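As the structure is a prediction and not an experimental result, all values here were calculated from the model.
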Amino acid sequence: MPDNSEDWVLTKAHGRVLEIILNRPPANAVNRAMSRAIYAALRELQDNPDYSVGIIRGTGERIFCAGWDLKETADEGGIDLALEVDPVHGHGPGGFAGITEFHDLTKPVIAAVNGAAVGGGFEIVLACDIVLMADHAFFSLPEMQRGILPDGGAVQKLPRMIPPNVAKELFLTGRAMDAEEATRWGLVHKAIPVAELESEAMSLAQEVAQGAPLALQALKEVLGYMDGLTVKQSMAQVKPGGDCDCPIYQKMVTSEDAVEGITAFAEKRDPVWKGK
C-alpha cells in the first residue's frame, strides 16, 4: 500500500477533463488524510479554469472504494468527534472523502465505478453528477452491521433518489445492490463491461466538456438552489431578472459566452468559449 497520502489520490489532465484516481490498495479505504487529498484534487478541478469536468474512479477492477477506513478508527479507540471536525487533521472542508460536503463544487463530476462501492464508497458515488458502473460492480451500505449509520450522504440523499422504502431496506439489511438494479432505479446512467469503463467515462466527460463553462457550473448551482422550492417559486426566481441567489447563473445570463453561443448557432459554426 502506498504510505504517502500524495500517492493515494492521483490526477491526470485530459484537455478540459481532470481524472481523479483513488489509489490506496487494496480497498481504497478513505482515512482523513485521503479525504483531504481528494478534496485538494476536487479543489483544483473547481478553481482551475482549464477544467470543466471531473472523473472519479478507483484503480484496478475489483474495488472502487470500501468507504471509511474503520481500521484507523478502531486503532484510535473509536470515533473522536473533535478530530472528525478538526479543520486541519479531520476530513477537511469537503467532508468525508473530500466530496460529500463540498457543496460549492459547481463543476460536474462523473463517477466511473470500477468495482465494489461500499459504505462511504457508495456515498462518494451519490455525491457525483453522472454515474457509469462496471457491470460486475455493486453498491452496499453495511453501516447498520457496524453499529453506525451511513450519514455521509446516503441517509440524506438516497431516499430522495430511489423509492424511500427501497432505500430503507438497503439501510437495514446492508445487502448488495448490483449494477442491473442500480440502473433500473436510475442511480446509474449505464452499466458496461469494466474493460470499456475508462474510455466510456472519458468519452462522456469530453462530450459534457463541450458545454459553455459558465453554463455547466450554473446548472449545478441552480439545481442546488431550487432544492426545497416549489415549481412556482423556482420559476419565479430562476430566470433572467429573477432574484435567486445564484451568482454564477446571474453572470452566465449576460456573459460573453451567452452571446457567443447564440451567434455561433446563427452562423452555423462551433462556439469558442471564453468562460466569461
Side-chain angles (χ1 to χ4, degrees), residues 22 27-30 38 54-58 61-70 79 91 94-103 105 108-194 196-197 200-201 204 208 219-220 222-231 234:
L22 309 181
N28 291 329
V30 179
I38 297 171
I55 295 173
I56 294 181
R57 66 174 178 87
E61 299 184 355
R62 192 171 69 88
I63 298 177
F64 171 74
C65 176
W68 187 12
D69 187 350
L70 295 178
I79 299 173
H91 290 293
F96 173 77
I99 191 172
T100 56
E101 296 181 66
F102 195 164
H103 302 305
L105 176 60
V109 179
I110 297 169
V113 185
N114 54 294
V118 178
F122 190 11
E123 290 173 318
I124 294 174
V125 174
L126 294 174
C128 294
D129 302 291
I130 303 176
V131 182
L132 297 176
M133 186 176 188
D135 54 14
H136 74 280
F138 65 88
F139 300 137
S140 71
L141 295 164
E143 281 84 350
M144 190 69 63
Q145 290 73 39
R146 309 290 183 265
I148 53 178
L149 293 182
D151 54 6
V155 294
Q156 296 90 341
K157 297 176 183 177
L158 196 59
R160 303 184 183 199
M161 301 171 76
I162 64 176
N165 60 318
V166 177
K168 188 182 297 184
E169 183 258 337
L170 289 170
F171 296 146
L172 290 171
T173 65
R175 71 167 177 85
M177 173 188 282
D178 63 21
E180 186 279 329
E181 183 182 2
T183 304
R184 174 158 45 89
W185 291 127
L187 287 173
V188 173
H189 172 62
K190 185 185 295 186
I192 53 181
V194 68
E196 302 172 14
L197 185 65
E200 184 85 10
L204 178 59
V208 172
L219 176 63
K220 287 191 67 171
V222 299
L223 288 174
Y225 176 82
M226 292 187 300
D227 187 23
L229 298 181
T230 66
V231 172
S234 299

The ring-ring contact (aromatic ring centres under 6.0 Å, His included) partners of Phe122 (sequence neighbours excluded) come to Phe139
Please give me the minimum heavy-atom distance between Met177 and Leu170, naming the atom from each residue. CE-CD1, 3.3 Å
What distance do His189 atom NE2 and Leu204 atom CG have between them, rounded to the nearest 0.5 Å? 5.5 Å
dist Ile192:CD1 -> Leu132:CG (nearest 0.5 Å) comes out at 5.5 Å
Any side-chain to backbone donor/acceptor pair from His136 onto Glu61? Under 3.5 Å, distance only. yes
Could I get the full list of side-chain hydrogen bond (donor to acceptor under 3.5 Å, both in side chains) partners for Lys157, not counting sequence neighbours? none
Nearest heavy-atom neighbours spanning Ile162 and Val166: CD1-CG1, 3.8 Å
Ignoring hydrogens, what is the shortest heavy-atom contact between Leu229 and Ser234? Give both atom names and the distance. CB-OG, 3.6 Å
Evaluate the side-chain contact (heavy atoms from CB on, under 4.5 Å) criterion for residues Ile63 and Leu22: first the C-alpha distance (whole Å), next the side-chain angles of each, then the deciding distance (0.1 Å), finally the verdict. CA-CA 10 Å; Ile63 298 177; Leu22 309 181; over 6 Å; no
Which distance, rounded to the nearest 0.5 Å, do you find between the CD1 of Ile148 and the CH2 of Trp68? 5.0 Å
Measure from the side-chain N and O atoms of Lys220 to the backbone N and O of Leu105, and report whether any donor-acceptor pair falls under 3.5 Å. yes
Can you tell me if Asn28 uses its side chain to pair, donor with acceptor, with the backbone of Phe64 under 3.5 Å? yes
Tightest non-hydrogen contact, residues Gly119 and Pro142, listed as N-CD, 3.8 Å
Would you indicate whether the side-chain heavy atoms of Val109 and Ile56 approach each other to under 4.5 Å? yes
From Glu169 CD over to Arg175 CZ, what is the distance, rounded to the nearest 0.5 angstrom? 4.0 Å
Sequence neighbours excluded, the answer for ring-ring contact (aromatic ring centres under 6.0 Å, His included) partners of Phe102 is Tyr39
Looking only at heavy atoms, which two atoms of Val30 and Cys65 are closest? And how far apart? CG2-SG, 3.6 Å
Would you say that Phe138 contacts Val118 through its side chain, given a criterion of any heavy-atom pair below 4.5 Å between the two side chains? yes
Ile130 vs Pro108 side-chain heavy atoms within contact, under 4.5 Å: no
Heavy-atom side-chain proximity of Trp185 to Pro163 below 4.5 angstrom: yes
For Glu200, enumerate each residue passing the side-chain hydrogen bond (donor to acceptor under 3.5 Å, both in side chains) test, keeping only those at least two apart in sequence or located in another chain. Lys190
Identify, with sequence neighbours excluded, every residue that meets side-chain contact (heavy atoms from CB on, under 4.5 Å) alongside Ala154. Glu123, Leu126, Leu141, Pro150, Phe171
Using 0.5 Å steps for rounding, measure from the CG atom of Asn114 to the CZ atom of Arg62. 10.5 Å
For Arg146, the side-chain hydrogen bond (donor to acceptor under 3.5 Å, both in side chains) test, sequence neighbours excluded, returns none
Result for side-chain contact (heavy atoms from CB on, under 4.5 Å) between Val113 and one of Val194, Leu197, Val125 points to Val125
Just do the side-chain contact (heavy atoms from CB on, under 4.5 Å) check on Arg160 and Asp227 with the steps written out, would you? CA-CA 11 Å; Arg160 303 184 183 199; Asp227 187 23; 3.3 Å; yes
From Met133 atom CE to Glu180 atom CD, the distance as rounded to the nearest 0.5 Å: 10.5 Å
Take Met144 and Leu149, measure what side-chain contact (heavy atoms from CB on, under 4.5 Å) needs, and give me the verdict at the end. CA-CA 6 Å; Met144 190 69 63; Leu149 293 182; 3.9 Å; yes
Shortest non-hydrogen separation from Pro159 to Pro164 and the atoms involved: O-CG, 3.6 Å
